Peer 1: 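So that we are looking at the same thing, I have put the structure below in structure tokens.
Naming: A, B, ... by sequence-line order, numbering from 1 per chain. Given the structure is predicted, the values throughout are model-derived calculations rather than measurements.
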2 protein chains.
Amino acid sequence: MERRRQARGERRMAEILDAAADAFAELGYEKASTNAIAARAGISPGSLYQFFPGKEAVARALADRFVADMRAAHAAAFTGAEVAGMDLDELLDRVVDPLVAFNLANPGFKALFARPDMPSALAGSSQPIQAAMLGQVEAILLARVPGQEPADRARSARVLVRIFQAMTPLVAASPEEERPAEIAELKRVLKGYLTSLSA
Amino acid sequence: MERRRQARGERRMAEILDAAADAFAELGYEKASTNAIAARAGISPGSLYQFFPGKEAVARALADRFVADMRAAHAAAFTGAEVAGMDLDELLDRVVDPLVAFNLANPGFKALFARPDMPSALAGSSQPIQAAMLGQVEAILLARVPGQEPADRARSARVLVRIFQAMTPLVAASPEEERPAEIAELKRVLKGYLTSLSA
DNA sequence: TGAAAATGCGAGCGACCGCTCGTATTGTTC
DNA sequence: GAACAATACGAGCGGTCGCTCGCATTTTCA
């Protein structure tokens, strides 16, 4: 069902995703109307639907782009290949800092990432992001806590991602000068949990 | 501006709050329409507005009732009076278990408690619950981590409440037989954080 | 160059939202 | 039992939502 796109169309799609990220960041997912997204993109409501079949599709495409950007920027730090022997504090710095930076640089990200109000937990707009995060955290767990049962590893990954999700808005909402302290608390929580897993 | 209520009116108000808790639990705060709440309560839309000036007021009243119920049921476990010398694991059991039980028994609770989408962080419907929780956690911290600066204690309380908020939906969403494991993970996270605070 | 496809527009649709208001009924008060 | 307040109703208001549709314009390509 893919239709042939012209260069202008590809550009428009990117502009729509930019506008959607803006709107999600400022208004939240629910209150960011498709008309508002179209207006921010400088196009008419109808034009938006030339490129995306609906609001969910816009959100999912935006989530995919976030995941791709994240991977492109921080793939090395997150792979967990040479992560096995690393000092835990250094590991946390290497993983958490870029992720926090990405969250602060992309305010629309957390509107899709940190929303626990799942309409039905199925096919949510944030599913791509969730899946990507869970996979990478599991890879790190596999390297750091080798003795863990697969089911326990999956659960621990969910817990770690959830903690990050929950703390990120706290970091983003705090004034500039208190952010280092908030980030330190986030790392402290993650470290405490990871330490108790290895024990 | 308080108007004189008859016994029937007081009963209706309680029924409306019951219906609102139902609707919030099932649909989430935003999608739970006032007409739907009224229908669930077996009354007309207009009647709802005889008792509450709007949807926010319903939510705030429901939050107040949740806080009162929680205090009535678990005041002793949460006070932090004799909490100072207690074993950390026992403390966590005493505080976390009743809170988790309350969350599971009142599905509408987390729709007000665990929603990080704050319209403006001011005067939110969940503010009464947040304030109550923060105060009680700070009291516990005061007893357990006496050397802490007030600003740090406030931050730690926010972190602890946030962790609980984030993990509760995970517990509630998991199948019955896996809940003990999820609750154990929640306690593990809290314990890890609290331990690192005392160090 | 001309037909087809892609892009673009924007009024407005049907549905739902929170909420109002005129009116009827029930309960309280003296 | 008369006067009044409290409770109850439900059609419907003004507004917003996601989205459609008829039609104009631009680009592609044979």
Side-chain angles (χ1 to χ4, degrees), chain A residues 1-24 26-62 111-112 115 117 119-120 123-125, chain B residues 1-24 26-62 111-112 115 117 119-120 123-125:
Chain A
M1 304 308 162
E2 282 291 287
R3 84 193 279 177
R4 169 127 172 71
R5 298 275 175 218
Q6 316 182 174
R8 194 177 65 213
E10 304 279 3
R11 236 179 295 128
R12 275 276 180 262
M13 290 179 74
E15 288 167 7
I16 291 170
L17 294 187
D18 291 343
D22 257 32
F24 290 156
E26 188 171 326
L27 309 167
Y29 178 79
E30 315 283 357
K31 323 214 85 162
S33 73
T34 53
N35 285 19
I37 294 171
R40 276 166 201 246
I43 63 176
S44 78
S47 290
L48 186 147
Y49 287 86
Q50 297 276 347
F51 301 102
F52 299 99
K55 186 178 176 177
E56 273 265 334
V58 174
R60 201 154 32 237
L62 180 60
L112 293 179
R115 64 193 212 100
D117 54 329
S120 66
S125 330
Chain B
M1 301 308 161
E2 283 291 289
R3 85 192 280 176
R4 169 129 173 75
R5 299 275 174 218
Q6 347 194 239
R8 194 178 61 207
E10 304 279 4
R11 237 179 295 129
R12 275 275 180 263
M13 291 180 73
E15 289 167 5
I16 291 170
L17 294 187
D18 292 342
D22 257 33
F24 290 155
E26 188 172 325
L27 309 167
Y29 178 78
E30 314 284 357
K31 322 212 85 162
S33 73
T34 53
N35 286 19
I37 293 171
R40 274 166 201 248
I43 64 176
S44 79
S47 289
L48 186 147
Y49 288 86
Q50 297 275 347
F51 301 103
F52 299 98
K55 186 178 177 177
E56 273 265 333
V58 174
R60 202 154 31 235
L62 180 61
L112 293 178
R115 64 190 213 103
D117 54 329
S120 67
S125 330

Peer 1: So what does B/Q50 hit on the nucleic acid, given a heavy-atom distance under 4.0 Å: a base, only sugar-phosphate, or nothing?
Peer 2: base

Peer 1: Taking any heavy-atom pair under 4.0 Å as a contact, classify B/A32: base, sugar-phosphate, or nothing.
Peer 2: sugar-phosphate

Peer 1: Salt bridge check: are B/E26 and B/R40 linked by an N-O gap of less than 4.0 Å?
Peer 2: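 Yes.
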
Peer 1: Tell me the interatomic distance from B/Q6, atom CD, to D/dA5, atom P, rounded to whole angstroms.
Peer 2: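 Rounded to whole Å, this separation is 13 Å.
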
Peer 1: Base, sugar-phosphate alone, or nothing: which one does B/I43 contact when heavy atoms must sit under 4.0 Å apart?
Peer 2: sugar-phosphate

Peer 1: Establish, for the pair A/K55 and A/Y49, whether the NZ or CZ atom is under 6.0 angstrom from the six-membered ring centre and no further than 45 degrees off its axis.
Peer 2: no

Peer 1: Which whole-number value in Å describes the distance from B/I37 CD1 to D/dG10 C1'?
Peer 2: 18 Å

Peer 1: Take the protein atom CD of A/E30 and the nucleotide atom C1' of D/dT16, then report the distance between them rounded to whole Å.
Peer 2: 14 Å

Peer 1: Whole angstroms only, please: what is the CZ-P distance between A/R5 and D/dT28?
Peer 2: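 Spelled out: CZ on A/R5 to P on D/dT28 is 15 Å.
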
Peer 1: Would you call B/R11-B/E15 a salt bridge at under 4.0 Å N-O?
Peer 2: no

Peer 1: Can you tell me if the side-chain N/O atoms of A/R8 get under 4.0 Å from OP1 or OP2 in C/dG8?
Peer 2: yes

Peer 1: Using a cut-off of less than 4.0 Å, is there contact between a side-chain N or O of B/S47 and OP1 or OP2 of D/dC9?
Peer 2: yes

Peer 1: To the nearest Å, how far apart are A/Y49 OH and D/dC19 P?
Peer 2: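 The distance from OH of A/Y49 to P of D/dC19 comes to 4 Å, rounded to the nearest Å.
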
Peer 1: Looking at D/dA6, I'd like to know if its phosphate oxygens (OP1 or OP2) sit under 4.0 Å from a side-chain N or O belonging to B/R12.
Peer 2: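 Indeed not, no polar side-chain atom of B/R12 lies that close.
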
Peer 1: Classify the side chain of A/S44 and the base of C/dG10 as holding, or not holding, a donor-acceptor pair under 3.5 Å.
Peer 2: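 Between C/dG10 and A/S44, which were checked side chain against base, a qualifying N/O pair under 3.5 Å is present.
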
Peer 1: Starting at atom CZ of A/F52, determine the distance to atom P of C/dT7, rounded to an integer number of angstrom.
Peer 2: 12 Å

Peer 1: How is B/G46 classified with respect to the nucleic acid when contacts are heavy atoms under 4.0 Å: base, sugar-phosphate, or nothing?
Peer 2: base

Peer 1: Any N or O donor-acceptor pair under 3.5 Å from the base of D/dC17 to the side chain of A/N35?
Peer 2: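 Not at all, since no donor on one side and acceptor on the other fall under 3.5 Å apart.
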
Peer 1: D/dT27, OP1 or OP2 - any side-chain N/O from A/R4 closer than 4.0 Å?
Peer 2: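 Looking at the OP1 and OP2 atoms of D/dT27, neither is under 4.0 Å from any side-chain N or O of A/R4.
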
Peer 1: Is NZ or CZ of A/K31 both nearer than 6.0 Å to the six-membered ring centre of A/F24 and within 45° of the ring axis?
Peer 2: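 No, cation not above the ring by the 6.0 Å, 45° rule.
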
Peer 1: Send over the distance from B/L48 CG to C/dT20 P, rounded to a whole Å.
Peer 2: 11 Å

Peer 1: Give the rounded distance in Å between these two atoms: CZ of B/R3 and P of C/dT28.
Peer 2: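 The answer, rounded to whole Å, is 15 Å.
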
Peer 1: When the nearest nucleotide of DNA chain C is assigned to A/G9 and to B/G54 on a heavy-atom basis, which residue is associated with the more 5' position?
Peer 2: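 Result: A/G9.
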
Peer 1: Taking all non-hydrogen atoms of both residues, which atom of B/F52 and which atom of B/A61 are closest, and how far apart?
Peer 2: CE2-CB, 3.7 Å

